[in-house]
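Got a structure for you, written out below as C-alpha cells; questions coming shortly.
The residues of the chain are indexed from 1 along the displayed sequence.
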Amino acid sequence: LPGWIAQLPAALVFGSVTLRAALRYWGGPQFAPIMAVLAAWLALLLVEPAISRRWAWFFAPYLALQAATPILLIASPAEADWSAVLVAILSMQVMQRLPVRAGIALIGMLTLLVAGALVWLFGVEEAIGHALIYAAANGLLGSHALAIRRAQEARERNQRLAADLEEANRR
C-alpha cells in the first residue's frame with residue numbers, strides 16, 4: 001500500500017479532533033491553549049519516526065507523553081472528551097512496531113485509562129457509551145495497522161524469495 005493510504009485514517013482522526021476543538025472553543029479563552037496542545041501533539045507525531053530510527057528508546061517516552069495528552073485534556077477544565085480518539089492513532093503506531101501481544105496489551109491499558117478519565121468526567125452511566133466507541137476505534141485502527149504491517153512483511157519476504165530464486169537460477 002502507498003504510505004498515504006496507510007496514514008489516511010490517522011489524518012482523518014486528527015483532523016476531526018482539531019475541527020471539533022476549533023468549533024467548540026473558537027473565540028474563547030481555551031481556544032489558543034488547546035490548539036497549541038494539539039499542534040504540539042501533531043508535531044511530535046510527525047517527528048517521532050525520525051527520532052525513533054536514531055534512538056530506539058525514544059518510542060516508550062513518546063507513547064507515554066502522547067497518551068497522557070488526551071487524558072489530561074479530558075480531565076482539564078476544558079473537558080475535552082473528544083480528545084480520547086487520539087489514542088486510536090497511538091493504537092496504529094503500537095501495532096505497527098510492537099509484538100502483537102504487547103501491542104494488544106498496551107492498547108487495552110490505554111483504553112482503560114481513557115475510560116477512567118471519561119468516568120471521572122461523565123460518571124459511569126454516560127461514560128460507558130463513550131468508552132465503548134473509543135475502544136472500538138482503538139481496536140479497528142490497531143487492526144488496520146497490523147494488517148498493513150503483515151502485508152509489508154509478506155511483500156518483503158516474497159521479494160527475498162524471488163531474489164534467492166533468481167540467484168539459484170543464475171548459478
Side-chain angles (χ1 to χ4, degrees), residues 1-21 24 34-35 37-53 55-76 78-122 124 126-156:
L1 288 172
W4 70 269
I5 291 175
Q7 299 306 319
L8 183 60
L12 291 172
V13 166
F14 187 81
S16 71
V17 167
T18 304
L19 179 60
R20 174 83 162 90
R24 179 164 180 191
I34 287 179
M35 288 295 131
V37 167
L38 291 175
W41 196 93
L42 178 62
L44 192 53
L45 174 75
L46 296 175
V47 301
E48 180 279 324
I51 295 172
S52 289
R53 269 193 299 276
W55 298 295
W57 59 265
F58 180 75
F59 190 63
Y62 160 82
L63 279 177
L65 180 62
Q66 293 290 77
T69 301
I71 293 167
L72 292 174
L73 283 171
I74 293 167
S76 75
E79 298 180 341
D81 61 289
W82 40 265
S83 66
V85 77
L86 292 174
V87 174
I89 296 172
L90 300 179
S91 297
M92 292 177 66
Q93 291 180 297
V94 163
M95 294 310 288
Q96 278 278 315
R97 301 217 183 130
L98 298 181
V100 175
R101 287 184 184 199
I104 291 169
L106 188 54
I107 290 170
M109 183 185 75
L110 292 173
T111 301
L112 288 175
L113 288 172
V114 167
L118 292 169
V119 167
W120 178 84
L121 178 61
F122 293 124
V124 174
E126 189 175 341
I128 289 172
H130 292 283
L132 290 174
I133 289 169
Y134 294 132
N138 296 344
L140 181 63
L141 291 184
S143 297
H144 168 74
L146 180 60
I148 290 171
R149 172 181 163 183
R150 287 184 172 162
Q152 289 170 335
E153 290 169 350
R155 186 173 28 259
E156 291 167 4

- Listed by chain and number, what are the salt bridge (Lys or Arg N to Asp or Glu O under 4.0 Å) partners of Glu156, not counting sequence neighbours?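 Testing Glu156 for salt bridge (Lys or Arg N to Asp or Glu O under 4.0 Å), a comparison that skips the adjacent residues, returns none.
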- If you look at every heavy atom in Ala117 and Ile74, which pair is closest and at what distance?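 Taking Ala117 first and Ile74 second, the nearest heavy atoms are O-CG2, 3.6 Å.
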- Message: Rounded to the nearest 0.5 Å, what separates atom CG in Leu98 from atom CD in Gln93?
- Response: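 Result: 10.0 Å between the selected atoms.
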- Contact summary for Gln96 and Ala145, nearest pair of heavy atoms: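 Reported closest heavy-atom pair: NE2-O, 2.8 Å.
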- Identify the heavy atoms of Pro70 and Val87 that sit nearest to each other, and give their distance.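 Taking Pro70 first and Val87 second, the nearest heavy atoms are CG-CG2, 3.9 Å.
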- Item | Close side-chain approach of Leu65 to Trp41, heavy-atom, < 4.5 Å |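 No; the side chains remain at least 4.5 Å from each other.
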- Query: Looking only at heavy atoms, which two atoms of Leu38 and Phe14 are closest? And how far apart?
  - Reply: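 Smallest interatomic distance, heavy atoms only, reads O-CZ, 3.3 Å.
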- Task: Go through Gln66 and Leu86 one step at a time and tell me if the side-chain contact (heavy atoms from CB on, under 4.5 Å) criterion holds.
- Result: CA-CA 9 Å; Gln66 293 290 77; Leu86 292 174; over 6 Å; no
- Message: Contact between Ile104 and Met95 at the side-chain level, heavy atoms closer than 4.5 Å - yes or no?
- Response: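 Answer yes - side chains close enough.
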- Task: Provide the closest heavy-atom pair for Ile107 versus Gly142 in the form atom of the first, atom of the second, distance.
- Result: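 Shortest heavy-atom separation between Ile107 and Gly142 comes out as CD1-CA, 4.5 Å.
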- Message: A side-chain contact here means heavy atoms from C-beta on lying under 4.5 Å apart; do Leu46 and Leu42 qualify?
- Response: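 Yes. Closest side-chain heavy atoms under 4.5 Å.
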- Message: For Leu63, give me all partners under side chain to side chain contact (heavy atoms under 4.5 Å, CB included), at least two apart in sequence or on another chain.
- Response: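 Residues passing side chain to side chain contact (heavy atoms under 4.5 Å, CB included) with Leu63: Phe59, Leu90, Val94, Leu106.
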- Check: Asn138 and Leu110 side chains under 4.5 Å, non-hydrogen atoms: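 In short, these two side chains do not touch, never coming nearer than 4.5 Å.
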Run the side-chain donor-acceptor check on residues 128-136: report pairs under 3.5 Å with partners two or more places apart or on a different chain.
| residue | atom | partner | partner atom | Å |
| --- | --- | --- | --- | --- |
| Tyr134 | OH | Asp81 | O | 3.3 |

- Quick one: pull up CG in Leu12 and CD1 in Ile89 and give me the separation to the nearest 0.5 Å.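 It is 9.5 Å, given to the nearest 0.5 Å.
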- Task: Please round to the nearest 0.5 Å and tell me the distance separating atom CG of Leu118 and atom CD of Glu126.
- Result: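 Result: 9.5 Å between the selected atoms.
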- Message: Once rounded to the nearest 0.5 Å, what's the spacing between atom CD of Glu79 and atom CH2 of Trp120?
- Response: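 Going from the CD atom of Glu79 to the CH2 atom of Trp120 covers 7.0 Å.
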- Minimum-distance pair of heavy atoms, taken over all atoms of Met92 and His144: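 Met92 and His144 have their closest heavy atoms at CE-CD2, 3.9 Å.
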